[in-house]
Structure formats: C-alpha cells, structure tokens
Amino acid sequence: YMGIAISMAFQKKSTLRQGTKGAAAQVLPDDVLTDLKYVMELFRKQDQTILRSDFKSIMHNFGHYAIRQKEFEEELRKFGLDPSQSTFTEAEIIGVITNVWCQRGREEEARDCFKLFDKNDKKQISLNDIKRVLEENDIIASQEELSELMQEACPNNEDDISYDAFLKLY
C-alpha cells in the first residue's frame, strides 16, 4: 500500500474528478482516484465487494490512519450507509473517501502523510526515512527509483525533503 501513498505524496497532478452518490460538489484529484481504484482491485472479492476490514485498510493507506472505529462508522452514516454492514461496493468506498477527503482538506492529508515518513519529528524526510517506510510495508524500490524520487523532491541536491518541498510536490 505504501507504494501508492508514496506515489500520491509526490504527484503533481491536481485535476479534479466528480465524487459519487450525493457528492456532486465534492471531488478527488485524478491521481488519488486512480490510485484508489487500483488499491480496491487488490481487495475486491469475486462478488465485486470489499470487506469492512479491507475498507479500513484502504482508508488508512489514503491518509486516514488516525480514524477510530466510531469515526469510521460516523463517516459511513454521513454517506447513508449502515455502519454494521460487512462489505462495500467500489462506489460506496469512493463516496466515503471523497467525503472524508473534502472534509479534511488536502493540506491536512499531506501533513498526515508527511508524518508517516517523519517518525522522529525532524520536520524533514531523509532517503533513509523513505527506505524505512518501504521496508516496513514490504515494498521494493530500486536505487534508481529512489534517486529519481529524491532528485524530483530536492532539485538543488539537498539531502532531505523539507515539509515545504513536500507540500509543493503533494
């Protein structure tokens, strides 16, 4: 999952997409929607639904890792879903995540994502921080991919990614 989170964190796209089910005024950036659909494919069962526990994992990996059970159920209610249901459709998941995304705002989500890498609250992300998150999530990245990521994030060859630089790329 973290490959998706890292990808999201360093994407520059800001094109917006329409939300679903009553979310006419709410939108997700194209890159987020694309990544969300990809992750849902990984969890989708044969009947085209996604288990509740997997839905929570998806929310966690899209920057909502602080969400508690009670908050999760409240988000489901806001979207007109039964908090006790055990499976969800793709449209329901997109709708709930769109609602949460729009409520929290992109900057708050970026701040949460930055904290995922900046465990020691150094206000910057090192290459070792990125490697740690990848390793913790069993994601393999080549040295070339990591170098490209750092080069894009730090065009002046700084050793670490500052929060401001991170925000510009987010």
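Here the structure is a predicted model, which means the values were calculated and not measured.
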Side-chain heavy atoms nearer than 4.5 Å, only ILVMFWY residues, links allowed to pass through others: does that put Leu51 and Tyr38 together?
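In one cluster: no.
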Hydrophobic cluster membership, with links at side-chain heavy-atom distances under 4.5 Å among I/L/V/M/F/W/Y: are Leu42 and Ile58 in one?
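Result: yes, single cluster for both.
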Shortest non-hydrogen contact from [X] to [Y]?
| X | Y | result |
| --- | --- | --- |
| Leu28 | Ile97 | CD2-O, 4.5 Å |
| Ala165 | Ala153 | CB-O, 4.0 Å |
| Leu76 | Pro83 | CD1-CA, 3.8 Å |

[X]: what forms a salt bridge (charged side-chain N to carboxylate O under 4.0 Å, His left out) with it, not counting sequence neighbours?
| X | value |
| --- | --- |
| Lys119 | none |
| Glu136 | Arg132 |
| Glu135 | none |
| Glu73 | Arg52 |

Sub-3.5 Å donor-acceptor pair from the side chain of Thr49 to the main-chain atoms of Lys45, do we have one?
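It does not hold such a pair.
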Exam field: side chain Glu158 to backbone Asp160, donor-acceptor pair closer than 3.5 Å
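No, the answer is negative, given that no donor and acceptor are paired below the 3.5 Å cut-off.
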Are side-chain N/O atoms of [X] and [Y] paired as donor and acceptor at under 3.5 Å?
| X | Y | result |
| --- | --- | --- |
| Asp82 | Ser84 | yes |
| Asp31 | Thr34 | no |
| Ser126 | Asn128 | no |

Residues in side-chain contact (heavy atoms from CB on, under 4.5 Å) contact with Asp159, at least two apart in sequence or another chain:
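For Asp159 there are no side-chain contact (heavy atoms from CB on, under 4.5 Å) partners, ignoring immediate neighbours.
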Test of understanding: with side-chain contact (heavy atoms from CB on, under 4.5 Å), list the residues that count as partners of Lys70, not counting sequence neighbours.
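Partners of Lys70 under the side-chain contact (heavy atoms from CB on, under 4.5 Å) test: none.
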Ionic contact status for Asp35 with Lys37, cut-off 4.0 Å:
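Salt bridge absent between Lys37 and Asp35.
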Would you call Lys122 and Asp129 a salt bridge, taking side-chain N to carboxylate O under 4.0 Å as the test?
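Counted as a salt bridge, because a side-chain N and a carboxylate O are separated by less than 4.0 Å.
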[X]: what forms a side chain to side chain donor-acceptor pair (under 3.5 Å) with it, not counting sequence neighbours?
| X | answer |
| --- | --- |
| Ser142 | Glu145 |
| Asn156 | none |
| Asp118 | none |
| Lys131 | none |

Salt bridge (Lys or Arg N to Asp or Glu O under 4.0 Å) between Arg77 and Glu74: does it pass, once the steps are laid out?
CA-CA 5 Å; Arg77 279 188 205 92; Glu74 181 58 33; 3.6 Å; yes
Looking at Gln143, I want to see if its CD is surrounded by more than 12 non-hydrogen atoms of other residues, nucleotides or ligands under 6.0 Å.
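Yes, CD of Gln143 has more than 12 neighbouring heavy atoms, counting only those of other groups under 6.0 Å.
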Kindly check if the number of other-residue, nucleotide or ligand heavy atoms within 6.0 Å of CD (Gln151) is above 12?
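Count not over threshold, so no.
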Please list, chain by chain and in numerical order, all residues satisfying ring pair (Phe, Tyr, Trp, His ring centres under 6.0 Å) with Phe88, sequence neighbours excluded.
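Ring pair (Phe, Tyr, Trp, His ring centres under 6.0 Å) list for Phe88, sorted by chain: Phe55.
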Which pairs count as ring pair (Phe, Tyr, Trp, His ring centres under 6.0 Å) when at least one residue sits in residues 128-163, sequence neighbours excluded?
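Every pair satisfying ring pair (Phe, Tyr, Trp, His ring centres under 6.0 Å) with a residue in residues 128-163: Phe114-Tyr163.
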Test item: Val96 and Leu81 side chains (from C-beta on) under 4.5 Å apart, heavy atoms
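Side chain of Val96 against side chain of Leu81, heavy atoms only: contact under 4.5 Å found.
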From CG (Asp54) to CZ (Phe43), nearest 0.5 Å
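Reported value, rounded in 0.5 Å steps: 5.0 Å.
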Please step through side chain to side chain contact (heavy atoms under 4.5 Å, CB included) for the pair Leu146 and Leu134, ending with a clear verdict.
CA-CA 11 Å; Leu146 293 171; Leu134 292 173; 3.7 Å; yes
